[in-house]
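Structure record follows, encoded as structure tokens.
Predicted model only: the values in this text are computed from it and were never measured. The chains referred to below are lettered A, B, ... by the order of the sequence lines, with proteins before strands, and numbering in each begins at 1.
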Amino acid sequence: MSPAIDTQTKRWPWPAAAIALAVPLAFVVVSPADTVQGNLVRIMYVHVPAAWLAYLAFIVTMVGSVAYLVSKGMRWDRIAAASAEVGVYFTGLTLVLGMIWGKPTWGVWWTWDARLTLTAIMFFVYLGYLALRRTSTDGRSRAQRSAVLGVLGVVMIPLVHFSVTWWRTLHQPPTIIRPDGPQIDDPLMLAALLVGVAGFTVVYAALVSKRMELARVEDAIVRAESTADLPVAGEAVTAPNLARGQGESA
Amino acid sequence: MTVSMWSQARSVARRDLIRERRRGEVLWITVPFGAIALLMFPLAIGTDARLLEQIGPGVFWVIVMLFGILISIRQAATETTAQRDALALLGLDPAAGFAGRSISAAALLFVFEVVVGAVAFVLYDIPLIGIPWLFVILPLVALGLGMLGSIAAGVVAAGHSGAGLVPFLVAPLSVPLLLAATQAFEGLRLGRPILNWVLLMVIIVLVLAVIGTLTARPLQESR
């Protein structure tokens, strides 16, 4: 008999994520419009947290990958994979929101700015990570291989982050994490941004937690299938009816 | 008798280079292919001599990156799982295998860079400035791409997609190297200091060397 699959799920992630999204949304509504950009500035409260969360997700992927390589615990592999998946989602969101913001501000959906281009490349690095995970069904082998890429991919983060300093192109330089302190004057705008980051972090944790649950169930199904009751060798062979054979010959 | 790691790495690199001498895949197929690509760019974008001189170095580096991936994945396509298993059973240190494969790939990439660079110099009339720096930049890029290709080849060795996935993995990861190389060339052209870009390349190569060495054994065990 195949072992039972534990499908018990955590209940906290969805309510927590809903609350975590509602609070920043309220700040987005009450925060003032920008003197130059007007209401367009409100995109920033989602665009910037999404970009930060993408960094966090890929750093967690790196940490999970290193921990897997050291300990061989499958839980670490699941953390790394779940975080990479959510990170790809946040990177995609960052790119799309950046384009929506860029069209009215710069006049184009896309420009060959260093930050934009490198963010797109980071997106493809982690799409490659996810593609690699689909090439193998053997859990251990998959974990081992993707862990190497999970460590390697993190080199993109400093490159993306410092690109606005190294190449002074169209994208604005860092506004919050600067040696001379944040450059946003309005405290409500700064609060909206920081609350957005906190809220998105909770959403990230909820998504990773749910994705890890799913991965655990997927692994259990693969394990159950490999150890399921299979037909015994020779079961299909029918024993000859010797008594009938004797009768016929007689 | 124990064989030192460097001796093992040398043996692996020599084996790869002997195989290349016999087959000539890089020298007789990839290098001419790169030269053809250099010829095709002016046909697509126009033959304005000033424009070609300006974009020549960038075109050269893009071709080095794209065709360098072909050279890097060569080993993934030619070395079978059985061959890798046999080397493991013979006691080959995985880190030595990584070093050997990277060195041979880097040597072939360097040859590719020199030959295609000479063709680009002639076709695009690229001004030769800061020649001593080329002896630093070209080997660093070759080594970086070689190591990246070796890691990616090891990563996909047992996957169902095999070598087909390597370009997808290597292309975006080689962008930091490409950026540093193009910026260093641009710096030379404009008379700006390029030490920071060379240092970035050195750091990338060192990071790849550390990651490749440390992950060689887990990758071998995963087969």
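- The closest side-chain heavy-atom distance from T135(A) to V156(B) is not below 4.5 Å.
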- Please walk me through it: do L214(B) and V151(A) pass side-chain contact (heavy atoms from CB on, under 4.5 Å)? CA-CA 11 Å; L214(B) 291 179; V151(A) 174; over 6 Å; no
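- Nearest approach of L159(A) to P176(B), heavy atoms of both residues: CD2-CG, 3.4 Å.
- When heavy atoms are compared at a cutoff of 4.5 Å, L127(A) approaches chain B by way of both its backbone and its side chain.
- At least one donor-acceptor pair closer than 3.5 Å links the side chain of Q144(A) to the backbone N or O of P218(B).
- Of the atoms belonging to I121(A), heavy atoms from both backbone and side chain fall under 4.5 Å from chain B.
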- Taking it one step at a time, do I204(B) and V155(A) satisfy side-chain contact (heavy atoms from CB on, under 4.5 Å)? CA-CA 9 Å; I204(B) 292 167; V155(A) 296; over 6 Å; no
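- Applying the 6.0 Å contact sphere to CH2 of W106(A) captures more than 12 heavy atoms from other residues, nucleotides or ligands.
- Interface residue L152(A): backbone and side-chain heavy atoms are both found under 4.5 Å from chain B.
- When each of Y129(A), F124(A), F123(A) is scored by its heavy-atom pairs under 4.5 Å with chain B, the top score falls to F124(A).
- If you take CG on L118(A) and CG on L179(B), they are separated by 5.5 Å, rounding to the nearest 0.5 Å.
- Distance alone, capped at 3.5 Å, is enough to place a donor-acceptor pair between the R145(A) side chain and the G154(B) backbone.
- Both the backbone and the side chain of V125(A) come within contact range of chain B, with heavy atoms under 4.5 Å apart.
- The minimum heavy-atom distance between G128(A) and L169(B), with the atom names listed, is O-CD2, 3.5 Å.
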